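Structure first, then comments.
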Amino acid sequence: MIIESQIKTSVAKAVKELYGAEITPESVQLQLTRKDMRGDYTVVVFPLLKASKKNPVETGGDLGSFIQNDCSDVAGFEVIKGFLNLQLSTSFWLGVLNANAHNEAIGIKESDENSPLVMIEYSSPNTNKPLHLGHIRNNLLGYSLSRIVSANGNRVVKTNIVNDRGIHICKSMLAWKKWGEGQTPESTGLKGDHLVGNYYVRFDQEFKKEQAALIESGLSKDEAEAKSPLMKEAREMLLSWEAHDPEVYALWEQMNKWVYSGFDVTYKKMGVDFDKIYYESDTYKVGRDMVLEGLDKKVFYRREDNSVWADLQNDGLDEKLLLRTDGTSVYMTQDVGTAKLRYDDYAIDKMVYVVGNEQNYHFKVLAILLDKLGLEWGKDLVHFSYGMVELPEGKMKSREGTVVDADDLMVDMIDTAREMSKGLGKLDGYSEEEAEKVYETIALGALKYFILKVDPRKNMTFDPKESIDFNGNTGPFIQYTYARIQSIYRKAEAKGIAIPKAANLNVEMSDKEVQLMSMISNFTAVVEEAGKVYSPAIIANYVYDLAKEFNQFYHESPIAVEEDEDKRAMRLLICKAVGQVIKNGMWMMGVDVPERM
RNA sequence: GGUCCAGUAGCUCAGUUGGAUAGAGCAAUAGCCUUCUAAGCUAUGGGUCGUGGGUUCGAAUCCCGCCUGGAUCACCA
């Protein structure tokens, strides 16, 4: 904001002229004035007392008078304790209003071919089971981040690494082969990912039975696991897969295909997408080659048993296995390979991994490995580490059936939205299809906002027994505010009133109106902050505050029905600006806004 | 045990680089629809900011100790 640097400069000038001390404008502590106080900007005077050698109130008074003379936009001031509250002139705020009201791209910076390229990896599912609430948080965060990063003027590539190979998928395959009786999504009517997930659960059940029997016969738990015929069969299947056994490979392709068609439906419903998808089955061998190359370059070393390791003790970490004794890849190997492919495919300036905080150590190691292997952005990779979603009873466990399924949850939300909406009866006149679209918008708005408003780094709890709210600090509240604004336009239009180009600079503004403009003018800074610290929650909380503020304004002021033409014009423009900021802010969370609800 | 993260109202969460009387929502209670959408607005109650020190004009925020919870340290992914 230009006005902020003007004030800071003016403060520095005042300190010099009044007290003869040198301070830099950047060191001036300037903040938005608290809502319950009069004023728009606040200068904290405590740090300036050393220069003034006066008490806080006197110093504030000196500075206030000086700034009021020095800055034409400052219309008045008030000193309370050690705080100098400056009031800007109404015409200043009206200028801000006129400059922003018709800006549809408010808060969004365009990118061009020279803008930094940021690649964002998110979702990254395993192909042995359907998506659950934990994945929802990942997907929503990843998608929202991509929008926020792009709104900050970067080029963005959304990417997904699908973990489509490994022992987990072999378990599902084996169980299907043994007990599936040829079931398909078509024959059962199940979504493919759910069908495959059922066999993953089935495997675990059978395995547990087997284990229990072995323990009964006197083996320890570890021995039982090692001796388990089922587990052995699964491991053999993995080896067959790596050897490209045609039968195993065909089954693998078949089951993955089912899973992908299931995922596609879930992703679509969730409203997320990708620009480039990588598959672990393509990348793990590249990773192996990279490691062997690193071995040649003495970056890594081989042990007597033939396994390959990285020694990271000089980096304050441990030694890390990269290739097993039998030469096969581990998880880390695969990530190195994926990074290499991405590096070849794109001129990446920054790589962001949206992955849960349980993998903090993994990414610390990955950054060092990539750096050692010479990938430029390696050591600067960003692990966007988010917290777990927990149930009131604790962690979700796929195999124990305590997960909240993504598809089920979205269906439940839509049902609730439909029920509530019908009860309120506000969509009369909409076709069945139009109304259904609104229910979905609201339901997903509720879900997405619920997830995104929480600081991503923190764990969050979700109680499936208590459905997600539609009142208060929620997505629908914000959507409702937007719909309300659209309704005002309809009302105005019906009265033959158009939204004006600009407001008259002489019109008076209420405190609430000024407050709204202050918030609007702060939007860009909020987007920048959210981009800097990678936090959709900052956008969410801001948009909520704005919507709340708007609703108060709405209640105390007539808008389309205001008689005074100048006031009406000014208020309609405020609506315009607020509506646009809500829309753009929600866009950054991947949330749509309805025209009516 | 080492490393990392978290602890704010009954519950779910905010709280900018240290700033004013720590804020919302939910839940509870009492009001507001002949006026632009009541998914809204207003009011009331609710706090030892885990705890003990320290730094200073000033600490929920920074530093140290402790308590509690979680994650991680695999030839799992």
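Here is how names work: the chains are called A, B, and so on, in the same order as the sequence lines, proteins then strands, and each is numbered from 1. Given the structure is predicted, the values throughout are model-derived calculations rather than measurements.
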Looking at every strand, decide which applies to A:N471 at a 4.0 Å heavy-atom threshold: base, sugar-phosphate, or nothing.
sugar-phosphate

Query raised in the report: Counting any heavy atom closer than 4.0 Å, what does A:T328 reach on the DNA or RNA strands: base, sugar-phosphate only, or nothing?
Result: nothing

In whole angstrom, give me the gap between the C1' atoms of B:rA9 and B:rC49. 10 Å

Exercise for the section: Please work out if A:S385 contacts a base, only the sugar-phosphate, or nothing of the nucleic acid, heavy-atom cut-off 4.0 Å. Expected result: nothing

Using Watson-Crick geometry (N1-N3 plus N6-O4 or O6-N4) or G-U wobble (N1-O2, O6-N3), each under 3.5 Å, B:rU37 is paired with none

| query | If you look at every strand shown and take non-hydrogen atoms under 4.0 Å, does A:D455 touch a base, only sugar-phosphate, or nothing? | reply | sugar-phosphate

### Query
Reckon A:Q359 touches a base, only the sugar-phosphate, or nothing at all at heavy-atom distances under 4.0 Å?
base

Give one of base, sugar-phosphate or nothing for A:I538, where a contact means two heavy atoms less than 4.0 Å apart. nothing

A:R571 side-chain N/O to A:P558 backbone N/O, donor-acceptor pair under 3.5 Å: yes

- request: Indicate, with a heavy-atom threshold strictly under 4.0 Å, whether A:F46 touches base, sugar-phosphate, or nothing.
  value: base

Its glycosidic angle compared against 90° from 0, B:rC4 adopts the form anti

Contact class for A:Q334 (heavy atom, under 4.0 Å): base, sugar-phosphate, or nothing? nothing

Q. What does A:S557 touch in the nucleic acid at a heavy-atom separation under 4.0 angstrom: a base, only the sugar-phosphate, or nothing?
A. base

Sugar-phosphate only, base, or nothing, as touched by A:A537 at under 4.0 Å among non-hydrogen atoms: nothing

- [ ] Check every strand shown and say whether A:V561 touches a base, only sugar-phosphate, or nothing at a heavy-atom separation below 4.0 Å.
- [x] base

Q.
Base, sugar-phosphate or nothing for A:F477? Non-hydrogen atoms, less than 4.0 Å.
A. sugar-phosphate

Nearest-angstrom distance, P atom, B:rA43 to B:rA24:
9 Å

The nucleotide from B:rC75, B:rG25, B:rU72 with an atom nearest the side chain of A:S307 is B:rC75

message = Using a 4.0 Å heavy-atom cut-off, does A:P47 contact any base of the nucleic acid, only the sugar-phosphate backbone, or nothing at all?
response = base

Re B:rA6: Watson-Crick or G-U wobble partner, both distances kept under 3.5 Å, found to be B:rU68

* Evaluate whether the aromatic ring of A:Y554 and the six-membered ring of the B:rG40 base sit under 5.5 Å apart, centre to centre, with an inclination under 30°. => no

Of the listed B:rC13, B:rA20, B:rU42, the closest approach to the A:V454 side chain comes from B:rC13

Item to complete: Name the nucleic acid region contacted by A:V44, choosing base, sugar-phosphate or nothing; use a 4.0 angstrom heavy-atom cut-off, strictly under.
Response: base

Separation of B:rC75 atom C1' from A:R235 atom CZ, nearest Å, is 12 Å

Provide the distance between the two C1' atoms, one in B:rA22 and one in B:rG46, to the nearest whole Å. 14 Å

